[in-house]
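These numbers come from the heavy atoms of this one structure, side chains and all, not from hydrogens, waters or symmetry mates.
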Amino acid sequence: MVEVVNAVGSGFLNREFDLSVVAEDLGSAADFDPEKYPGMYIRFSEDSPLVTLYRTGKYIVTGADSLDKLEEANDKLLNLLCDNGIIDRSDVEWFEVQNLVCTANFDQDLNLSALAIGLGLEQTEYEPEQFPGLVYRNPDLESVILIFSTGKAVITGSSDLDEVVAASDNLIQELSRLQLN
DNA sequence: TAGTGTGTTTCTTATATAGGTCGTATCC
DNA sequence: GGATACGACCTATATAAGAAACACACTA
């Protein structure tokens with residue numbers, strides 16, 4: 001069972017912004033401190049995804065726990081900017097998913113040292129003194145999987161949920177083949 | 001040697017995972 | 001004061017973005 005915990009998307013509005021002016025127009029929803037970071041943060045509520053808007057018109061949405069919520073956050077952003085007269089609908093160029101962070105639970109304790117050998121040392125990184133998880137990069141897939149001794153895992157690096165599921169299924173097959181616990 | 005140009009790295013944000021370290025708080 | 005508990009933060013992973021700070025190469 002794969003669960004999305006963070007979806008990241010980016011988009012482009014065909015317009016340059018004076019972020020100081022935009023921050024004033026948006027009020028408390030916006031947080032802009034150019035000395036700290038060149039992007040302006042926009043949040044719709046305390047637990048909503050975070051939007052980072054740049055001077056060039058490009059923006060990033062992070063913190064959505066589903067693809068639907070990512071799209072919803074993008075719609076809210078565009079409505080907010082349109083309603084405040086900051087952009088026109090014709091300024092919207094594109095928006096696409098860039099990265100998904102998902103969790104998975106294989107419901108079995110794992111011997112990560114043996115798993116690293118079984119999966120192949122050239123495809124894995126396991127240094128427990130540095131980080132308790134095993135990093136697995138399947139050359140046939142875009143995703144990177146962090147595998148922990150508890151049987152839980154983090155799958156990241158892909159923009160396609162089907163590919164994430166495929167990566168999870170592939171690992172389940174490998175665990176079954178290796179029969180490690 | 002100084003100036004310019006190019007390229008690389010770091011910063012920031014979100015998020016799960018887990019082990020280790022550190023600081024603070026509470027209790028005996 | 002010592003022991004324990006707890007929270008915060010670090011480590012690693014991916015990704016986008018712009019700006020600043022670097023490092024390095026090249027030319028005058």
query = Can you find a donor-acceptor pair, distance only, under 3.5 Å between T62(A) side chain and dA14(B) base?
reply = no
key: 5' priority, DNA chain B, between P128(A) and L50(A) [closest heavy atom]   = L50(A)
ask   = Is the closest side-chain donor-acceptor distance between Q98(A) and S159(A) under 3.5 Å?
value = no
message = Enumerate the side chain to side chain donor-acceptor pair (under 3.5 Å) contacts for residues 59-84 of chain A, please, sequence neighbours excluded, ordered by first and then second residue.
response = Y59(A)-N74(A), D65(A)-K69(A), N79(A)-R89(A)
Restricting to nitrogen or oxygen on both sides, can you table the protein-nucleotides 7-9 of chain B pairs closer than 3.5 Å?
none

ask   = Just to confirm, is there a sub-4.0 Å distance from OP1 or OP2 of dA14(B) to any side-chain nitrogen or oxygen of R43(A)?
value = yes
ask   = Which salt bridge (Lys or Arg N to Asp or Glu O under 4.0 Å) pairs, counting each pair once, include a residue from residues 5-29 of chain A, with sequence neighbours left out?
value = R15(A)-D88(A), R15(A)-D91(A), E16(A)-R55(A)
inquiry  = I need the full list of side chain to side chain donor-acceptor pair (under 3.5 Å) pairs touching residues 114-127 of chain A, with sequence neighbours left out, sorted by first then second residue.
reply    = E125(A)-R137(A)
query = If you find the nucleotide of DNA chain C closest to E125(A) and the one closest to R55(A), which residue's nucleotide is nearer the 5' end?
reply = E125(A)
ask   = Using the C1' atoms of the five pairs at each end, what is the angle between the end axes of the helix from dT1(B)-dA28(C) to dC28(B)-dG1(C), to 10°?
value = 80°
message = Can you tell me if K36(A) touches the phosphate of dA19(C), counting only side-chain N or O atoms and a distance under 4.0 Å to OP1 or OP2?
response = no
request  = Decide yes or no, distance alone: a donor-acceptor N/O pair under 3.5 angstrom between the base of dA19(C) and the side-chain of Y54(A).
outcome  = no
Give each protein N/O atom lying under 3.5 Å from an N/O atom of nucleotides 6-8 of chain C, with the pair distance.
none

